[in-house]
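Residue numbers begin at 1 in each chain, while the letters A, B, ... track the order of the sequences. Values in this document were obtained by computation on a predicted structure and should not be read as measured data.
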There are 4 protein chains.
Amino acid sequence: MPRPRSEDRRNAILRAATRVIASQGLGAATAAIAREADISNGSLFTYFDTKAELLNELYVALKAEMATAATPDLRAGDGLREQVCRMWTQWWRWAMANPDKRRALAQLQVSDDITADSHRAASLAFSGVADLLERSRANGPMQNVPLGFVLTLVNGIAEATIDEMIREPAEAEARSRVASDALWRVLAGSAAPPTA
Amino acid sequence: MPRPRSEDRRNAILRAATRVIASQGLGAATAAIAREADISNGSLFTYFDTKAELLNELYVALKAEMATAATPDLRAGDGLREQVCRMWTQWWRWAMANPDKRRALAQLQVSDDITADSHRAASLAFSGVADLLERSRANGPMQNVPLGFVLTLVNGIAEATIDEMIREPAEAEARSRVASDALWRVLAGSAAPPTA
Amino acid sequence: MPRPRSEDRRNAILRAATRVIASQGLGAATAAIAREADISNGSLFTYFDTKAELLNELYVALKAEMATAATPDLRAGDGLREQVCRMWTQWWRWAMANPDKRRALAQLQVSDDITADSHRAASLAFSGVADLLERSRANGPMQNVPLGFVLTLVNGIAEATIDEMIREPAEAEARSRVASDALWRVLAGSAAPPTA
Amino acid sequence: MPRPRSEDRRNAILRAATRVIASQGLGAATAAIAREADISNGSLFTYFDTKAELLNELYVALKAEMATAATPDLRAGDGLREQVCRMWTQWWRWAMANPDKRRALAQLQVSDDITADSHRAASLAFSGVADLLERSRANGPMQNVPLGFVLTLVNGIAEATIDEMIREPAEAEARSRVASDALWRVLAGSAAPPTA
DNA sequence: GATGAATGAGCTTTCATTCAT
DNA sequence: AATGAATGAAAGCTCATTCAT
């Protein structure tokens with residue numbers, strides 16, 4: 001029995017790719033990623049057949065991680081407003097805590113190497129978030145548009161806010177509250193603050 | 001800034017770069033851009049010293065064009081709501097009419113080759129839009145955050161909506177209205193429709 | 001020569017190599033050969049230290065098989081002409097029946113990896129054929145040249161004819177007779193047909 | 001006007017390829033060929049799009065050169081026998097004088113990279129030789145087989161003899177006469193010596 | 001001995017940039 | 001200034017061989 005293909009090694013490559021892509025962009029050499037993962041350049045290709053495959057898997061993995069981080073646990077008794085608030089908080093906390101992942105994602109998102117399948121898989125990971133948004137927009141001004149549009153919109157607002165938070169980390173908490181209110185206004189149309 | 005002879009040629013290169021980058025991404029070869037511009041590969045470098053310089057100039061030019069398209073003419077008598085509405089309409093009309101420019105911008109926005117200076121220059125071009133947003137948010141819920149944040153946020157919402165419009169062009173007008181209302185809610189906090 | 005366990009496996013590798021080289025050329029990866037032989041890539045190297053060694057052994061084995069196929073059984077009473085005729089028939093029958101082996105041989109013959117020793121060993125295998133040729137040329141026009149030259153020449157004629165037979169398999173029998181006569185003319189100088 | 005693409009350089013690459021392939025086989029690196037031709041590795045690809053294209057052009061060029069060398073000038077008054085004799089002499093003289101070209105050809109001949117088109121082009125170059133053979137076999141034992149077969153056969157005999165000449169250069173002239181007679185016997189069936 | 005992952009040198013090809021014309 | 005050939009440093013990927021299991 002040979003040395004088994006190791007899940008650890010595979011993850012090490014994905015982590016290394018995240019770091020290298022965050023700092024050098026998608027043009028980063030596979031050899032650089034391998035070096036960062038402490039493996040030989042040839043070894044990378046036993047885990048990912050091509051660079052494009054590595055990028056696709058990384059994209060889906062990062063999106064899924066982000067989605068998981070954002071998806072709020074179901075706590076009985078919480079109102080929708082609270083749930084949205086918690087989701088949003090979890091989302092930006094993850095983003096602020098993982099700047100490399102966010103930067104890598106920004107590059108991957110617009111890459112031609114990312115297939116339609118990967119984009120689909122990434123969307124699927126957001127179903128928990130989508131469920132919450134579906135309930136939140138139910139009787140509001142967004143009730144008649146496709147849920148996908150709502151998701152896109154919320155994502156746009158979230159990312160824009162996180163960009164600002166990164167520019168001014170000291171004000172992150174303050175911005176968070178402003179953004180949370182804005183989000184709710186977009187979804188539900190009223191500015192009622194969450195019951196504290 | 002010593003400018004070489006033909007401004008026409010320079011612009012031809014920028015237009016060619018837009019098309020080529022839209023279809024092939026930032027990895028596009030300078031030779032491909034030169035061919036698309038109907039000049040020799042060497043000639044490109046008499047107009048732009050490096051590929052990075054070309055990308056930066058293209059980025060700023062496209063952002064500026066987008067900003068110009070979005071900036072509403074000052075018409076006496078128009079209310080803020082109407083002006084925001086007009087801005088937004090002009091914005092997405094430009095985006096829908098110029099898919100290549102939008103796609104190229106999406107790539108450029110996240111490129112490591114784009115300098116902080118270029119990002120600053122791009123923001124400056126949005127001063128007309130910024131002015132309008134400044135007035136629009138004056139007494140609303142966003143009155144105490146930096147104007148840059150408001151711009152970022154509005155930009156995020158706009159881009160998300162345009163993405164959706166591209167997915168479903170038939171519904172563009174309908175989405176436009178929904179988005180316009182959402183935008184106003186974010187800025188001003190109330191959903192009052194524009195006085196027609 | 002310490003031989004590892006299974007002679008079967010060794011032969012399986014040689015057979016697999018024949019097929020793979022016939023279809024992909026000498027550039028074929030050792031891993032491809034191993035896969036075709038249904039063993040692991042590493043295992044191949046317990047049977048052959050290097051790829052070059054495998055190629056050399058394959059070359060000698062194929063040449064020897066060809067020689068064995070061509071060598072006519074000694075049948076008392078047969079005239080030389082009949083024996084040459086039988087040899088030639090056996091030769092091309094083997095070639096037509098084993099296209100992969102022939103193609104692999106064609107590649108191996110010109111490879112830099114094949115050592116002088118292997119070429120010598122291959123010649124040795126043709127001693128039966130050489131004996132017959134020695135007797136056949138005894139009083140003819142080739143009586144004063146080295147036997148090796150006669151062998152080379154006969155080989156050249158045989159291979160050229162087989163190439164033609166492969167191009168037009170339907171005419172193989174007809175070509176066989178023409179070539180047999182030509183062979184005899186080269187060796188013995190007269191065109192007397194075999195006494196049937 | 002830029003430096004024009006130079007036919008000299010192109011030929012230098014072909015010559016370099018001949019030498020390098022003769023000594024290292026078809027596995028020779030394009031970089032090695034470029035170095036031997038005293039150009040940069042990238043430059044090679046402005047003259048030949050791919051390595052396979054280079055190999056194909058080299059193959060056709062070498063075959064054509066060999067054919068030209070072998071094709072006898074038409075001299076009024078020469079009998080067929082003399083013409084065949086002259087062709088054969090010119091052929092082997094060229095081969096002995098150009099060992100690298102012969103070795104490179106041997107490799108190229110069996111390469112999978114050589115297309116059917118190239119093989120066709122190579123055959124065409126031998127039309128002068130083919131004409132002579134057509135006339136020579138006219139009333140002899142080979143009159144009823146395809147001319148292509150005759151060519152293949154003559155080629156096989158020629159190459160086999162040249163191989164022997166290379167093994168024993170001192171005997172080249174002697175072998176030449178023996179081979180010439182054998183050739184004539186194959187074609188015309190009689191051993192009549194050339195009228196001196 | 002058998003397995004297949006690990007290794008790293010080496011390959012062809014691309015491409016931003018330079019430079020002879 | 002314009003041209004496009006020349007340059008050479010990468011890049012992604014392959015593969016003979018080694019080695020941990």
More than 12 non-hydrogen atoms from neighbouring residues, nucleotides or ligands closer than 6.0 Å to CZ on A:Arg19, yes or no?
yes
Taking the side chain as every heavy atom from C-beta outward, state whether B:Asp49 and B:Leu54 have any atom pair closer than 4.5 Å.
no
Which atom of A:Ser23 lies closest to which atom of B:Asp112, heavy atoms considered:
O-OD2, 4.3 Å
Hey, does the side chain of D:Thr46 come within less than 4.0 Å of F:dA6's phosphate (OP1/OP2), counting only N and O?
yes
Closer than 4.0 angstrom, basic N to acidic O: yes or no for C:Glu36 and C:Arg15?
no
For F:dA20, does either OP1 or OP2 sit under 4.0 Å from a side-chain N or O belonging to A:Arg5?
no
Gap between atoms CD and C1', on B:Glu7 and F:dA1 respectively (whole Å)
16 Å
note: A:Asp113, atom CG; F:dG12, atom P; distance rounded to Å ~ 11 Å
Got B:Asn41 and B:Thr30 here, is their nearest side-chain heavy-atom distance under 4.5 Å?
no
Which heavy atom of A:Ala67 sits nearest a heavy atom of A:Ala125, and at what distance?
CB-O, 3.2 Å
Which whole-number value in Å describes the distance from A:Ile33 CD1 to F:dC13 P?
11 Å
Separation of F:dG12 atom P from A:Glu53 atom CD, nearest Å, is 15 Å
Does OP1 or OP2 of F:dA6 have a side-chain N or O of D:Arg9 closer than 4.0 Å?
yes
Quick one: which of F:dA2, E:dT7, F:dA6 gets closest to the side chain of A:Ser43?
E:dT7
B:Arg10 has an atom CZ; how far is it from atom P of F:dA1, in whole Å?
14 Å
With side chain to side chain contact (heavy atoms under 4.5 Å, CB included) as the test, would you mind laying out the steps for C:Glu65 and C:Lys101 before giving the verdict?
CA-CA 10 Å; C:Glu65 188 183 319; C:Lys101 292 178 181 173; 2.7 Å; yes
Using a 3.5 Å cut-off on both pairing distances, which stems of three or more Watson-Crick or G-U pairs include DNA chain F?
E:2-21 with F:2-21
A:Asp38 has an atom CG; how far is it from atom P of E:dA6, in whole Å?
13 Å
How long is the line joining CD of C:Gln24 and C1' of F:dT14, in whole Å?
13 Å
Under 4.0 angstrom, heavy atoms only, what part of the nucleic acid is B:Arg35 near: base, sugar-phosphate, or nothing?
nothing
Using side-chain heavy atoms (C-beta onward) and a distance below 4.5 Å, is C:His119 in contact with C:Lys63?
no
Side-chain contact, heavy-atom cut-off 4.5 Å: D:Ile166 with D:Arg102?
yes
Do D:Ser118 and D:Thr115 pair up side chain to side chain, a donor and an acceptor below 3.5 Å, judged on atom types alone?
yes
Whole-Å distance separating the CG atom of A:Leu55 from the C1' atom of F:dA11:
14 Å
Tell me whether the OP1 or OP2 atom of F:dG8 has a side-chain N or O from D:Ser40 closer than 4.0 Å.
no
The side chain of D:Tyr47 lies closest to which of these nucleotides: F:dA5, E:dT7, F:dA2?
F:dA5
Sequence-aligned protein contact record of nucleotides 11-18 of chain E, with B where the base is within under 4.0 Å of a protein heavy atom and S where only the sugar-phosphate is
SSBBSSBB
